[in-house]
*Asks:* 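Sending over a structure as structure tokens; questions will come in a sec.
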Amino acid sequence: MSDEPSGPVSDDARVPRAVAIIMDGNGRWAEARALTVADGHRAGTKALRRVVEAAIDLGIETLVVYAFSTENWTRPTDEVEDLMELLSETIDGELPDLAKQGVRTRFLGRRDRIEPWLDEKMGALEAETEELDTLNLWIAFDYGGRAEIAHAARRLVEDGVDPAAVDEDTLSARLYAPEMGEIDLLIRTSGELRLSNFLLWEAAYAELVFTDTLWPDFDAADLGAAVQAYAARQRRFGARTRS
Ligand code: FPP
């Protein structure tokens with residue numbers, strides 16, 4: 001099956017094909033309201049739903065969101081458990097509603113450390129939405145960019161690839177999801193100016209947009225503003241465009 005969505009995807013070059021978001025600031029949002037961190041993450045899931053719907057309206061084809069990093073396992077056990085539970089609730093609650101709007105959901109990252117019951121739910125959602133093509137949603141969960149590149153390197157060795165044949169194409173074909181493609185626009189909320197090990201390979205030439213807005217407050221207008229900033233950029237991919 002082609003990965004090309006047939007939905008309202010835009011062919012306007014000013015609309016990025018693939019957008020990645022580091023959804024940061026749930027904890028600070030909660031703290032400012034004397035709420036728990038879990039409340040902050042729960043508000044983050046509502047923002048995720050809003051933003052997926054806004055991405056459909058803008059004609060974005062692929063959205064990749066950072067929900068749980070390989071480093072997030074070091075957070076307090078309660079918070080890790082809350083995030084696992086929240087993913088489960090999101091699979092039961094928000095994602096089926098998004099599927100009705102044509103959203104195909106897949107997960108990006110390691111699957112061997114996630115509890116079997118959750119892994120099964122993730123797999124079931126992926127299977128249930130595999131024919132949908134209005135928007136490709138990738139949820140990065142137990143994801144790390146370095147781990148992904150190390151995984152690709154391991155697969156090159158396992159596949160017996162001749163060292164002389166190792167290049168960008170043979171390596172990128174062994175990333176977690178080669179069909180996801182390159183990231184055009186990467187957004188990070190909450191004022192932090194870091195990539196935090198997100199999509200190190202795929203975002204090599206992404207345009208970066210940082211906003212002070214905390215993730216639970218991020219909405220369609222914020223996404224629209226980031227896309228407008230992207231549209232105003234001149235992408236050169238390392239080439240010289242002036243003599
Ligand atoms: C960073 O904010 C956010 C996370 C580590 C988790 C992101 C998760 C969501 C937005 C919930 C939706 C995801 C699922 C499960 C589908 P932070 O907690 O580091 O914020 P802080 O820097 O203000 O403390």
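Every number for a ligand or one of its atoms is a count from 1 in the order of the listing. Counting begins at 1 with the first residue of the sequence.
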*Asks:* If I apply the N/O under 3.5 Å rule, does Asn26 come out as touching ligand 1?
*Replies:* yes
*Asks:* Only counting residues at least two apart or in another chain, list the ones meeting salt bridge (Lys or Arg N to Asp or Glu O under 4.0 Å) with Asp142.
*Replies:*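 Partners of Asp142 under the salt bridge (Lys or Arg N to Asp or Glu O under 4.0 Å) test: Arg113.
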*Asks:* Relative to the ring of Tyr66, is the ring of Phe198 parallel (under 30°), tilted (30 to 60°) or perpendicular (over 60°)?
*Replies:*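 Phe198 vs Tyr66 ring planes: parallel.
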*Asks:* Who's the nearest protein heavy-atom neighbour of atom 24 (O) of ligand 1, and how far?
*Replies:*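 Answer for atom 24 (O) of ligand 1: Gly27 CA, 3.4 Å.
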*Asks:* In this structure, does ligand 1 have an atom that sits under 4.0 Å from one of the heavy atoms of Arg75?
*Replies:*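 Yes.
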*Asks:* Could you tell me whether some N/O pair between Glu79 and ligand 1 is separated by less than 3.5 angstrom?
*Replies:* no
*Asks:* Among all the protein's non-hydrogen atoms, which is closest to atom 4 (C) of ligand 1, and how far away is it?
*Replies:*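 The closest heavy atom on the protein side is His41 CE1, 3.8 Å.
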*Asks:* Counting from 1, what ligand 1 atoms have a heavy atom of Trp215 closer than 4.0 Å?
*Replies:* 10 (C)
*Asks:* Under the ring-ring contact (aromatic ring centres under 6.0 Å, His included) test, which residues partner Phe68, sequence neighbours left out?
*Replies:*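 Once residues adjacent in sequence are excluded, the partners of Phe68 under the ring-ring contact (aromatic ring centres under 6.0 Å, His included) criterion are Trp73, Phe141.
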*Asks:* At a 4.0 Å cut-off, with the gap strictly under it, does some heavy atom of Gly25 reach an atom of ligand 1?
*Replies:* yes
*Asks:* For Thr45, state whether at least one heavy atom is located under 4.0 Å from any atom of ligand 1.
*Replies:* yes
*Asks:* Counting only nitrogen or oxygen atoms and a 3.5 angstrom limit, does Tyr66 reach ligand 1?
*Replies:*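 Such a contact does not occur with ligand 1.
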*Asks:* Going by the order shown, which atoms of ligand 1 are within less than 4.0 Å of some heavy atom of Asn72?
*Replies:*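 Close to Asn72: 5 (C).
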*Asks:* Does any N or O of ligand 1 fall below 3.5 Å from an N or O anywhere on Ala67, backbone included?
*Replies:* no
